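The shown structure was predicted, so the numbers you read here are calculated from the model rather than taken from an experiment.
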Amino acid sequence: MEEHQKLFKLASILLQYPEQEWLKDEQLFYEISQLANRTARKRFLQFLDYTKTKDIDELCELYVRTFDLSDRTTMYMTYYLFGDQKERGQALLKLKEEFRRAGLELAGDELPDYLPLMLEFASVAPASSARKVLLVHEQAIKELTAKLQKTGHPYFFVFAGCLAGIASFLEKTAKRDIPVRTEEAT
């Protein structure tokens, strides 16, 4: 598994609804501590340190209050681009089709713009597909990160680490995506 795939997988886990299992998972801590991206590693570990100071009920309540009950901090990324406008539905269909083309079928009524799902996709999809999805939604992730930072929210750590990984991945893959024209190559 490449570094970016591991980083996106770990970010996906940390951004899902808190579960007792991953809060006590030593393997998760180990995997995070092995990340080469120092910023992501530091931020993810800061978040895990925070989780050790709270019980599971407090973490669940914080998660729901932040991401489920507030449009300002939703983890449905197309909402930042379109709100409740009909264009959002078209964007969701395009995103779902991108997932399908990369070999990931969504179960039932899952919305493909849910950030943990998008990060899970980026951890298993071909780099070109992951790059395409992340480029489209990078600004929305940045906006959400800034909102969390402004309020000193503990999930800021995960988002900041995630953004560090996205920036590194996009920079690395940008070099691969530069088209070469035949007349320039000769």
Any side-chain heavy atom of [X] sitting closer than 4.5 Å to one from [Y]?
X: F67; Y: L115; result: no
X: W22; Y: L14; result: yes
X: R131; Y: L170; result: yes
X: L117; Y: L106; result: yes
X: L81; Y: H137; result: yes
X: P18; Y: T51; result: no
X: T39; Y: L163; result: no
X: L45; Y: F157; result: no

Would you say T73's side chain and T66's backbone share a donor-acceptor pair under 3.5 angstrom?
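Present.
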Between Q90 (side chain only) and K86 (backbone N and O only), is there a donor and an acceptor less than 3.5 Å apart?
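Answer holds: no.
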Report the distance from atom [atom1] of [X] to atom [atom2] of [Y], rounding to the nearest 0.5 Å.
X: I56; Y: L59; atom1: CD1; atom2: CG; answer: 5.5 Å
X: L48; Y: L23; atom1: CG; atom2: CG; answer: 8.0 Å
X: F156; Y: Y50; atom1: CZ; atom2: OH; answer: 14.5 Å
X: C60; Y: K54; atom1: SG; atom2: NZ; answer: 13.5 Å
X: K132; Y: T173; atom1: NZ; atom2: OG1; answer: 13.5 Å

Crowded around K147 NZ? As in, over 12 foreign heavy atoms under 6.0 Å?
yes
Salt bridge (charged side-chain N to carboxylate O under 4.0 Å, His left out): which pairs involve residues 112-126, sequence neighbours left out?
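Qualifying pairs: K9-E120, R88-D113.
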Please state whether the rings of F99 and F121 are parallel, tilted or perpendicular, taking 30° and 60° as the class boundaries.
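Geometry flag for F121 against F99: parallel rings.
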Charged N to carboxylate O below 4.0 Å: is that the case for K172 and E2?
yes
Do R101 and E97 sit within salt-bridge range, that is, some charged N less than 4.0 Å from a carboxylate O?
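Salt bridge present between R101 and E97.
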In a table with atom names and distances, give each donor-acceptor pair under 3.5 Å that connects a side chain of residues 26-36 to protein atoms at least two apart or in another chain.
{"unit_1": "Q27", "atom_1": "NE2", "unit_2": "E31", "atom_2": "OE2", "d": "2.7"}
{"unit_1": "S33", "atom_1": "OG", "unit_2": "F29", "atom_2": "O", "d": "3.3"}
{"unit_1": "S33", "atom_1": "OG", "unit_2": "Y30", "atom_2": "O", "d": "2.7"}

Looking only at heavy atoms, what is the nearest atom pair of Y155 and Y63, with distance?
OH-CD1, 3.4 Å
